[in-house]
Amino acid sequence: MTLPAQDGAKTQVPKQTARLELDGLRRSFGSYNALDGIDLTIEPGEFIALLGPSGCGKSTALNCVAGLLGLSGGEIRLGGNRIDELEPEKRGFGMVFQSYALFPHMSVRRNVGFGLTMQGIRGAEADRRIEEALALVRLESQIDKLPGQLSGGQQQRVAIARAIVIRPPIVLMDEPLSNLDAKLRLEMRAEIRGIHDQIGSTTIYVTHDQDEALSLADRIVVMSQGRIMQIGSPQDLYQRPVHIEVADFMGFRTRIAGPIVGVSGEEAAIDVAGARLTGTMREPLRIGDAAVLSVRPEDLVAVDDGNGMPATVVSMEYRGRAFFGMARAGDDSVLYFRADRALPRGASVTLQPASGQALLFKEAGA
Amino acid sequence: MIRDQGLLSKIWRFAVWAVAGLFILNLLGVIAAVIVNSFATRWLGTWLPLGLTTKWYFSAWKEFQLSSVVLVTFQVVFAVVIISGLLGVTTAYALARRDFPGKRIVVLLFLLPLLIPPLTYGIPLATVLYQLGLGGSFWGVVLINLVPSLPFVVLVMIPFIEQIDPRIEAAARVFGAGTGSLFLRILLPLLLPGMLAALLLVLVRTIAMFELTFLVAGPTSQTLVVSLYYAVFASGVRAGQSIDAMAVIYMVTTLFWLVLALQFVNPSQIVARAKQQPAS
Amino acid sequence: MRAPSLRTRLASRGFDGTTLLVLPGLAVMLGLFIYPFFYGLADSLMPKEGVWYANYANFFSDPFQYRTIAATLWLAIPVTIVNLAFAVPIAFRVRLMTRQRLLTTILVLPITLGTVFVADGLLTFLGPQGWFNRVMILVGLFDGPVKLTNNYWGVFASLVITGFPFAFLLTLSYVTGIDPAIEQAAATLGASPRQRFMRVFLPLLVPGLAVTFCLAFVQAFAVFPSAVLLGSPAGSTRVISIAAYQAAFEQYDHSLGSAIAMIMGAVELVIVLLVLGSRSLFYRGPTGGTKG
């Protein structure tokens, strides 16, 4: 129940330099495994994004780290010390909630100062730190208001200030931007990264928005069904997803299924309705294997001549530099593609993945 | 949820559950005592009665003229439900959809009967009803029961109507619905779940409403709960088992509607107003 | 330019066809609630004999009458406090339960069955040969049968049986209305369970608890059938509603009955206003969360 090396003093949690290790985390709700063996080491000062669709376990993982949920198995270590049996109030982490969870009956000052009060820090020292934290989120002028008098964006800033004022070794953020409108979201995104860089805490950031993860994080952890699918830098994930689900999440919207008909080095080709489509293998594949080629809309191009996949245009839209379209193939599958001019509905097109941009995976279940 | 593992919190948790458990045990004991006694041949100075019989039900049914009492009860209750439903829903609709000067006073008027002891307004109202010659009559009982049930319907329906997007009605108008078809095709289907809930709750509450009915009920306009009161009040006169058989009959009629109501509402709505839970 | 029509001007202030729908319900309330109230008030000032305030003077000079106020409060206030004191911690535990429905269904039973049924059941259950006395003797808490009916404790028990579930269900609806993330936030900021309760939950709950107290108090204060059936209606549980009923329907003095009813309403409103007034010392905004 208590740590071997700690005697419960609140300042004992090592600041700034602690490495967080998740070791085989499991958490089940009844027979449902929300977390199914999560292994992850987070270096001090890192900005980590947990990315995945809703229900993938990313929020569960965050709540386990915070101590709001108990584990069904595994360990959490901070700087080598086990913390998974500590109550949340003894972990000293800062957390920003999706619903902000500000105390509605307290002024901004008392909200931000709550964690300090709990640590016994009062008076001038507390005031100084509250003002410092509010300055960091540029909200000094609202200090005496109640949360209900603030806009959504301002409430989110208060929530961030409240989490960082206690100088936590780790800041946990649970989809903090999902309740904001698009413009504010972009603005706050930049500010969150800026604050992270200033205070130097480790940040674990849960989101279902790949843009957010890609733009914010040092490393992204993609989760699905309680497991980690891939861990990597944003560039890694964007260009080299190891799994078709990760690819899906990274914007490879079009999937084309077909048998492998040729392999050369890292490249392979599938046959679709007589056309050969080439892509990079992300899993070992042999001739004859059922495979799926996955490609982003911008990398599936309508070509005027020759070799490619035939399809019929369903719709087109103009998005600034190029036209993007949706087409239907002979087997009724939907293809998202790019073209340099508007094509009429019903027109026949031939689609070809841009060289080196398509990925090949084993077909699920094959 | 957050785990707290200290010994003190364990003791505290145990104590809280123990108190809750004891309360439920006693509550079920009270109800079971009535049921057991209604089937008892003789029950004096022992844990359980000497033998079981159903004869008290027959004698209670005859002695207390329950066939007419039950009939009167349902007539009263349904009259109250229909009248307070019609008036309550229209009133709630106006209060939910319009802001007008004096609205706060009107809302307060509908809140007051729930904040004032029934006898406080029941005694003057009963006096008025007796002077109008309605004392002891069926309609007297219905009228006095409207005082708490009409505001109840209004207060349950206002939040329910508020959460129906007024743009739905606007859309129906745009697509050419007249007032009549707007009401029949759009509003009624949308309001129905809330109305059903509100009216079933009124029904259950009216069956159990004692104080007000008691003030104006005459020999031919007694509801079950008033008959039960008189029977218990004069308990030396009849066999206790017979009274308890009547209590069980009363309980069954109430619980039938309660079970039905619980298909549509959350139990806590019987005391509290409908509330939306925070999304999280 | 023409001045807007009367209809347009009324509509802009919120009066139109829809607003008129309020009228039938309003008329019923005016006829059945407001008019009788003022009728009763006037009636109470026209005593059978004596000066206009004779009913009130008689009530407050006759110990048999004015002691009913104390008797009523002596039941209603302790019962309400007990019910609320148990309701809050239990609601706090039940809020964590995922399947609350069975519990809430059981608890709603005594409310729907009503005081008359509960009084009838308690007469058997708490009687000298009832299960309660038997269990108490069995476990050794009582030496012999203790008289629990036809006195203060019988009425007290009946008010707990019907009043506790009422207070509990209301409290539960307030407690579950508080965004659970608010507690989690307090926990991650270092607040212990006790601090979370004292600094976060309690201040947020006070307004709701004040309302719960008032509604529970109104019910206990209006105690009538169980005070007659389970108490000693001529003695310690001669509550004010018994006095009002007897005056109006046993002595056929509706003037005095109305006067006592008015006194009853006034005493109750004073307590309710005191409680609700003290609420303004606390936060009174939304507790569901701080969105928007």
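Protein chains get the first letters and strands the later ones, always in sequence-line order, with residue 1 at the start of each.
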Item checked: Atom CE of M97(C): over 12 foreign heavy atoms under 6.0 Å -> yes
Next item on the list: Can you measure from CD (Q184(C)) to CG (L69(A)) and round to the nearest 0.5 angstrom?
Entry: 7.5 Å
Check: Do R162(A) and L189(C) have side-chain heavy atoms sitting under 4.5 Å apart?
Finding: yes
Note to self: Measuring from atom CZ of F97(A) to atom OG1 of T188(C), what distance do you get when rounded to the nearest 0.5 angstrom?
What the structure shows: 4.5 Å
Check: Just wondering, do E89(A) and P193(C) contact through their side chains at under 4.5 Å, heavy atoms?
Finding: yes
Check: Taking everything shown except R128(A) itself, do over 12 heavy atoms lie less than 6.0 Å from its CZ?
Finding: yes
Notebook entry, point to check: Should the heavy atoms of other residues, nucleotides or ligands under 6.0 Å from OH of Y152(C) be counted, would the total exceed 12?
Noted result: yes
Check: Quick one: CE on M118(A) to OG on S192(C), what's the gap to the nearest 0.5 Å?
Finding: 7.5 Å
Note to self: Using only atom types and a distance under 3.5 Å, with no angle test, would you say the side chain of H105(A) pairs donor to acceptor with the backbone of R199(C)?
What the structure shows: yes
Item checked: Heavy-atom check, side chain of S99(A) versus side chain of I182(C), under 4.5 Å -> no
Checklist line | Any side-chain heavy-atom pair of F114(A) and V200(C) under 4.5 Å | finding: yes
